[in-house]
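Accompanying notes for the structure given below.
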Amino acid sequence: MEQKKRPLKTLERVISKAGLGSRTDARGWIHAGKVEVNGHVVENPDHWIDMERDRVSFDGKPLERQERIYILLYKPTGYITTYKDPDNRPTVYDLLKDVDTFIVPVGRLDLDTSGLLILTNDTQFAERIMNPDFHVPKTYLVKASALLTEEQLQQLRKGVELADGPTRAAKVTRLRDSGKYTHLEITLTEGRNRQVRRMIEAIGARVMKLVRVRIGDIAIGDLPIGEWRLLTRQELTKLRQ
Ligand code: URA
């Protein structure tokens with residue numbers, strides 16, 4: 001019983017959460033003997049650390065708690081949202097070279113999707129924003145490959161059946177029809193993998209262009225594409241509510 005109440009984390013998690021690198025980096029450093037616990041090298045990444053009692057050091061220096069950082073990036077298409085790509089494609093980290101803390105994306109945007117992406121070293125915050133129970137709305141501009149009827153839009157609003165279950169009710173506004181395409185604004189409160197693309201496919205069309213323009217109340221504003229800025233205190237407070 002006593003054991004359960006202790007704030008325990010694996011050594012790998014402690015190192016990666018300290019903002020030094022990814023979990024894979026952390027495992028590598030631990031295996032390489034760079035990490036000490038209470039003055040002794042520990043090479044097992046799954047070693048339990050008592051956050052209140054154990055002293056962890058990296059390269060001989062005690063781990064310091066990193067300051068929390070919250071970044072808003074306007075991701076262009078052509079960049080993937082993972083740290084390392086086996087195919088060596090550009091990643092969002094290439095756009096964040098001047099950020100010297102290891103941050104993780106809050107959810108993902110596909111290679112072909114542009115728009116707002118939050119990145120942070122506050123993993124609790126990230127988990128909360130990604131958790132569909134918190135209903136943080138995310139708004140997308142969509143160019144669909146066909147002229148969509150009102151019935152099709154109504155299907156999107158009510159929810160469509162996807163392989164991983166029905167989608168929640170969504171806010172869907174027709175912005176304009178141009179030639180053989182329909183431009184929509186869609187707001188979702190869940191963030192499943194390729195959700196907008198799959199929803200549009202479920203009603204018989206394809207996504208030609210997809211941009212995430214808002215997360216909660218945060219909009220792109222005048223942030224240039226490919227650039228980032230820090231979230232303001234007010235924006236953070238609103239997101240947390
Ligand atoms: N929905 C998608 O289909 N792709 C994204 O990148 C984001 C939402």
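Just so you know, ligand 1 is whichever comes first in the structure, and atom 1 is the first atom listed for that ligand.
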State, to 0.1 Å, how close Arg197 and Asp110 come at their nearest heavy-atom pair, and which atoms those are.
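Looking at all heavy atoms of both residues, the closest pair is NE-OD2, 2.7 Å.
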Gln152 side chain vs Ile203 backbone, donor-acceptor pair below 3.5 Å
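Yes; judged by distance alone, with no hydrogens or angles, the pair exists.
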With a 3.5 Å cut-off and no angle check, do the side chains of [X] and [Y] form a donor-acceptor pair?
| X | Y | result |
| --- | --- | --- |
| Arg198 | Gln195 | no |
| Ser114 | Thr77 | no |
| Asp122 | Tyr70 | yes |

Within the 4.0 Å heavy-atom cut-off, what Leu210 brings close to ligand 1 is side chain
I need the nearest protein heavy-atom contact for [atom]: residue, atom name and distance, please.
| atom | result |
| --- | --- |
| atom 1 (N) of ligand 1 | Val196 N, 3.1 Å |
| atom 7 (C) of ligand 1 | Tyr140 CE2, 3.6 Å |
| atom 4 (N) of ligand 1 | Asp110 OD2, 2.7 Å |

May I ask you to say whether Arg229 pairs ionically with Glu235, meaning some side-chain N is under 4.0 Å from a carboxylate O?
yes
Heteroatom proximity flag, Arg194 to ligand 1, N/O under 3.5 Å:
yes
Test your reading of the structure: does Arg197 have an N or O sitting under 3.5 Å from an N or O of ligand 1?
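There is such a contact, yes.
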Check each atom of ligand 1 against the heavy atoms of Thr113 and keep those under 4.0 Å away; list them by number with element.
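Contacts of ligand 1 toward Thr113, numbered from 1: 4 (N), 5 (C), 6 (O).
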